[in-house]
Amino acid sequence: MFRKIHSALAAAALLAFTGGAQAADWKPEKPIKLIIPFAPGGATDVVSRILAAKVTETIGQPVVVENRAGGGGLIGLSAVREARPDGYTVLVTTIGFGANPALYRHKKIPYDPLKDFTLITRTADIPTVLVVPPSLGINTLQEFIDRAKANPGTLSLGSAGYGTVNHLAGELFKAETGIQTIHVPYRSGGLSTAAVVSGEISGLFATTPSALGHIKNKAMVPLAMGSSKKIDALPDVEPTAKLVPGFDVPDWQGLIGPAGLPKNIVDTLNAQFAAALKDPDVVKRLSDLGAVPAASTPEEFVAFVTSEVKKWNGVADRTGMKAEN
Amino acid sequence: MDLLGNLWIGLETALTPINLLYCLVGVFFGTAVGVLPGLGPVATIAMLLPITFGLPPESALIMLAGIYYGAQYGGSTTAILVNLPGESSSVVTALDGYQMARQGKAGRALATAAIGSFIAGTIATFVIIFFAPPLASIALKFGPAEYFSLMVLGLIASIVLARGSLLHALAMIVLGLFLGLVGTDITSGSERYTFDLPKLADGIDFVIVAMGIFGIGEIVANLENESKRELLAKRVTGLMPTREDWRRIIGPIFRGTVLGSILGILPGGGAMLASFGAYSLEKKVSPNSAEFGKGAIEGVAAPESANNAGAQTSFIPMLTLGVPSNPVMALMIGAMIIQGIQPGPSVMTEQPKLFWGLIVSMWVGNLMLLALNLPLIGLWVRMISIPYHLLYPMIVAFCSIGVFSLSNSTFDVYLMAIFGLLGYVFRKIDAEPAPLLLAFVLGPMMEEFLRRTLLLSRGDATVFFTRPISATMLAVAVVLLLIVLLPSIRQKREEAFEEEAG
Amino acid sequence: MSLIRSPKDFWSGVIYLAAALFGLIVGSDYPMGRAGQMGPGYFPIILSSLLLVFGIATLARAFIVPGEQVTKFALKPALLIVGSVVLFGLLVERAGFIIAMFASILMSASASREFRFEWSAALGLIAFIAAGALLFVKALGVPMPLVGSWFNAG
C-alpha cells in the first residue's frame, strides 16, 4: 500500500517536473515498435521489455518489442536506419553501436553512429565480470595475465559475437595488457556462458546477471569486474581497473531512432524512458537483473557515444581488432 | 527417498486450480499456433513474455512450457492432414502421415501421433525426475567437435529416408546445407548469397521452404494426375488405431521416446534430429520397412514420440544448468530472470516449487493435450473429406497467408512460390526433399561448430578423431554409410551382369 | 535412341551443377581464411565443390546407366498454382485481403479439371474468406488490409 502511494507521489512529482515541455509533447497514435537487435531472453532484451511495459502504461500506446537478431546487431540497426523518422520505430542498442565503425573500417563502415541515427537516451548499464572455468586452475587476474604471457595464443576468450560487450572487453584487455588470446564467437550470450561452464573456452567477460548463478555454484571463477565499480553481489571481486588503469567496459544500453527524428518526439521519448527508469518497481526489477539505470539527456548521450567511437578506434589502432571478414 | 517429497511438492504446485488454468491456456495456445502455419512457439512466447511479469514464477513458466510442447502436438496435425509441416520436427511425420491420410487413415494417423506423444511425454517426464542432473552433465561433455560429428551422423542417417540412389540423397543434403548458407554469417557478420536483398539478410525461414517444397509442390503433383487420384477410395477407416495398429506402434513409440529423450538434451537441432533419427531407425529395424513412405503407421508413431520426448528433455539443461538448448529455452531463461530467479543448478534446491511444479505440470499438460486433441480428430477428418478440387485452393491460400504472417512481407510469399516450383521439379526427378530440409536447418549450425572446433584446436582437424564421443559418432556414420552403400553396389553389379547376359 | 540413357539423372545433374557453379562463382568473393580461422568463404566453397562432384557424377551416370524417363511436366497446374501464390503477394497490400483471396483462390482452383461454377462452392469461398479475415486479420492482427491501398487513394 505504501509503495503504491509512494509511486503515485513520484509520478506526480515527475509530471510537475516535465510539465514545462508539455506544449510540444508528442502523442503517439499507433503502437511504437521497439526493435531489439538481439535474440529474445538476453539481458538487453529483458531490460528493454521491462521498460517497454512501463512506458506502455504512460505513453498511451503499446510499445511492442520486436527481436531482429543477427550480424552483431547490424540487421536491426539497418532496419531502424531505413525506417521513417516518425517515432514509431526505435531501437535499443548496446556497446557495439559505438564500436562497429572501428570493427568494420577495413572494408565498408556500415553506418555513422552520430549522423545516421538520432540518439534519444542512455537507458541502463549492465556490469561485466571476467570469469574462467574452475578447471583452468586460475584464481586471480594476475595469474591469468601471467599464464597468457607465458603461453601466447593458447588461452581463449569467448563472446556472443563480434561487437558484443564480451568481444570488446576482451579486445581492450588484450590491447592494454599486451597478451595474445584466441577470440571464440558464439551464437548467443547463453551459449558462451555454457562454454565457460564446460571448460570449452578459458575465459569470458560475461554480463554479471548471466554469470552470478554459476559463480554461486562454483561452476565459474570470477577474476575481476570488467566495469569500473565493485557490485554488491560480488563484494570480493575487484575491478580490472586495479591492474589495468582506466579499464571500464559495462554493457551499456541506449535508445536510438532513425536520423532526423523531430525534437518533440526525442524529448517525449527521453522523458518517458527517464520516468520509467525512476519508477521504484522498474528500479527493483533492474537491480534484480544486475542492471543499473543510467538515464541521460540526449546531449549527454551524444557526448558519450562520441567518446565510445574514439575509444574503440583507438583499440583497433593498437590490436588490429576487426570483424572477421 | 527425497524424490517422493519432491514429487509431492510438484503435485501440490501443478494441481492448484490457477496453475491448472495456466497450463490449459498454454497447451491450448500451443496447439493453435502449431496448427496455424507461420506462427511458431518462439514468436508466441516472446509476445506473451511481458504478460508473465505479473504472474507468480511457477504459473508463468508452466504456461510458457505448455505453449512449447503444445505446438509440437499441433504441428503434426497439418503435416498429416495436408502435408504442411509447420514445425521442423514434423517434417518426417508428413512423409507417412500424409500418405495414411490419402488412404483414408487420417484419423488413425492423428490418434497415433497424439497417443505416441502422450506416452513419450509421460516417460520423458519421469526421465527428467530421475535423471536430470546426470543427463545434464552429459550435455556439457559435448563440445563443438561432438556437435559437428553428431550432425554429420544425423545427415548420414537421413539418407536412409530417401528412396532413390545414394548419390541423389547426398546431393540433396549438400543442396540443403547450401540453402542454409543464405543470410548473414553468424561468425563474421557478413552477408552471403543475399544479392544485397535486406529481406534475405536473416536467411530463409524454414516455414517458407517447407510449405513451398512440401505443400505447394505436392498440390501441383496431385493435379497432374487428377483423374487417377479421384479413383482412390476415400473411405475413412476408423478414427482410432486398431488392435493390429497398436501392436505395430508400441515398439516405435518406445524406441522413439528413448532416442528423443537423449537427443532432446543437446542444444541446437536436438528435437529435429530426434524425429529424423527415430524414423530412420524404424525404417531399418521394422519388418514393414517396405511400407515406409507409403503410409506406414510406424513412420508416424516413432518421430512423433521422439520429438515430444525431445521437447520435454530439452528443459533439462535449462533447469539444471541454466543453459538454453534452443531459442524457446532462451526465452524461458529470460522469463526466470524477469522473475528475479538466477537460472542455474541452484534452481532445483532454492526454487523446489518452481522446478518440480514445472516438471509435474508437463505431465498434466500432456494429459490435457490428449483430452483436447482426441475429440478434435473427428472434426479434422471431416474437414479433409471435402472433395480435393475444393480443398486444395484453400490449402494454397492458407500457405500464402501463413508465410506472409511470418514477417509481414510479400517477399516471403514470392519466395515460397519459387520453392513450390522447385518442390514440383524435385518430384519429377524423384528427389526426396526431407533430407534437404534437415540439412537446411542443420547447415548453419554445422558450419559454426566446424569453425569453432578448428578455431579452438588452431586448425588441427584430428580433434574430430581423437575425442572419443566425436570419433564414435563419426565411426557410426561411416558404418551407416557402408550399410546404405553396399546393397546398392551389389544391386548395380547384378544389373550390370544382367545387361551383359541379356 | 538418345545419348541420354537416364533423363531423370540428367536433369538432376543439371540442377546440382547449376547450383554448384552459382555457389562457386558468387562464393569466390568471400574471404576464405584458413582452417584455423575460417572466413565466410570457406564452407560455401567446400559445399559447392562437393556439389560439383555430385553433379558431374550424376551427369556421367545419366549417359551410362539406363534409367527412367521424366514424365510430362504439368505446365498448366504448375503455372496456375504457383501463379496464384504470386498473385496473392501482388494483391494483398495493394487490393487488400478480400480481393487478393478471391483472385488467388479462383486462379488456383482453375487448375483443376473439376473447376466449374457451383453455388455451394461459391458460398464456401465467401465463408472461407470471411473466416480468414476474422481469424488472421482481426483476431491475430496480421497487418493485411481488408481493403488495400488502391482503394484508399481518395
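We name chains A, B, ... by the order of the sequence lines, and we start the count at 1 in each one. The figures here come from the full heavy-atom set of this structure, side chains too, leaving out hydrogens, waters and symmetry mates.
Listed here is the closest heavy atom pair of C:S108 and B:Y392: O-OH, 2.6 Å. The two atoms that bring C:P44 and B:E447 nearest to each other are CD-OE2, 4.4 Å, heavy atoms only. B:D185 approaches C:P40 most closely through the heavy-atom pair OD2-CB, 3.6 Å. The nearest pair of heavy atoms linking C:G89 to B:T410 is O-CG2, 3.2 Å. In terms of heavy atoms, C:S48 sits closest to B:F178 at OG-CE1, 3.6 Å.
With respect to chain B, the highest number of heavy-atom pairs below 4.5 Å among C:D29, C:I15, C:V53, C:T58 belongs to C:T58. Note: B:I429 leads B:L450, B:V396, B:I429 in heavy-atom pairs under 4.5 Å with chain C. When B:L167, B:I219, B:V220, B:V413 are compared by the number of non-hydrogen pairs under 4.5 Å with chain C, B:L167 comes out ahead. Comparing C:G67, C:A20, C:G23 by heavy-atom pairs within less than 4.5 Å of chain B, the highest count is held by C:G23. For the set C:F10, C:F115, C:F97, C:F43, the entry with the most heavy-atom pairs within less than 4.5 Å of chain B is C:F43. Of the listed residues (C:V92, C:I105, C:V26, C:T71), the one with the most heavy-atom contacts under 4.5 Å to chain B is C:T71. Put simply, of C:D9, C:L135, C:L106, C:I46, the one with the most heavy-atom pairs under 4.5 Å next to chain B is C:D9. For the set B:G443, B:A397, B:S400, B:G420, the count of heavy-atom pairs under 4.5 angstrom toward chain C peaks at B:S400.
Contacts between B:F195 and chain C at a heavy-atom distance below 4.5 Å involve the side chain alone, from C-beta outward. For chain C, the nearby parts of B:R192 are the backbone and the side chain; heavy atoms of each come within less than 4.5 Å. With a 4.5 angstrom heavy-atom cutoff, B:L170 touches chain C via backbone and side-chain atoms both. Contact annotation for B:I401: both backbone and side-chain heavy atoms come within less than 4.5 Å of a heavy atom of chain C. Residue contact with chain C, scored on non-hydrogen atoms closer than 4.5 Å, involves the backbone and the side chain of B:L175 alike.
Residues of residues 117-127 of chain C lying within less than 4.5 angstrom of chain B, judged on heavy atoms, are C:E118, C:A121 in numerical order. Chain B is approached within less than 4.5 Å, heavy atom to heavy atom, by C:K72, C:F73, C:A74, C:P77, C:A78, C:I81, C:V82, C:S84, C:V85 from residues 72-85 of chain C, ordered by number.
Interatomic distance, C:K8 NZ to B:S165 OG, rounded to the nearest 0.5 Å: 11.5 Å. Between B:L223 atom CG and C:E114 atom CD the span is 10.5 Å, to the nearest 0.5 Å. With values rounded to the nearest 0.5 angstrom, B:R452 atom CZ is found 12.5 Å from C:M38 atom CE. Here the CG atom belonging to C:L47 is positioned 11.5 Å from the CD1 atom belonging to B:I173, to the nearest 0.5 angstrom.
For C:Y42 (side chain) and B:R451 (main-chain N/O), no donor-acceptor pair under 3.5 Å exists by modelled atom type.
In the displayed structure, B:F464 atom CZ is contacted under 6.0 Å by more than 12 heavy atoms of other residues, nucleotides or ligands. Environment of CZ in B:F28: sparse, with no more than 12 heavy atoms of neighbouring residues, nucleotides or ligands closer than 6.0 Å.
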CA sep, side-chain torsions, deciding dist, call: B:S405, C:M144, side chain to side chain contact (heavy atoms under 4.5 Å, CB included): CA-CA 9 Å; B:S405 70; C:M144 298 181 284; over 6 Å; no

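Side-chain contact between C:E68 and B:D430 is present, with heavy atoms from C-beta onward closer than 4.5 Å. Counting heavy atoms from C-beta outward, B:H168 and C:Y16 have side chains that approach closer than 4.5 Å.
Aromatic rings of B:Y193 and C:Y30 (six-membered ring for Trp) have centroids within the 6.0 Å cut-off, being under it. Between C:F136 and B:F404, the ring centre distance reaches or exceeds 6.0 Å.
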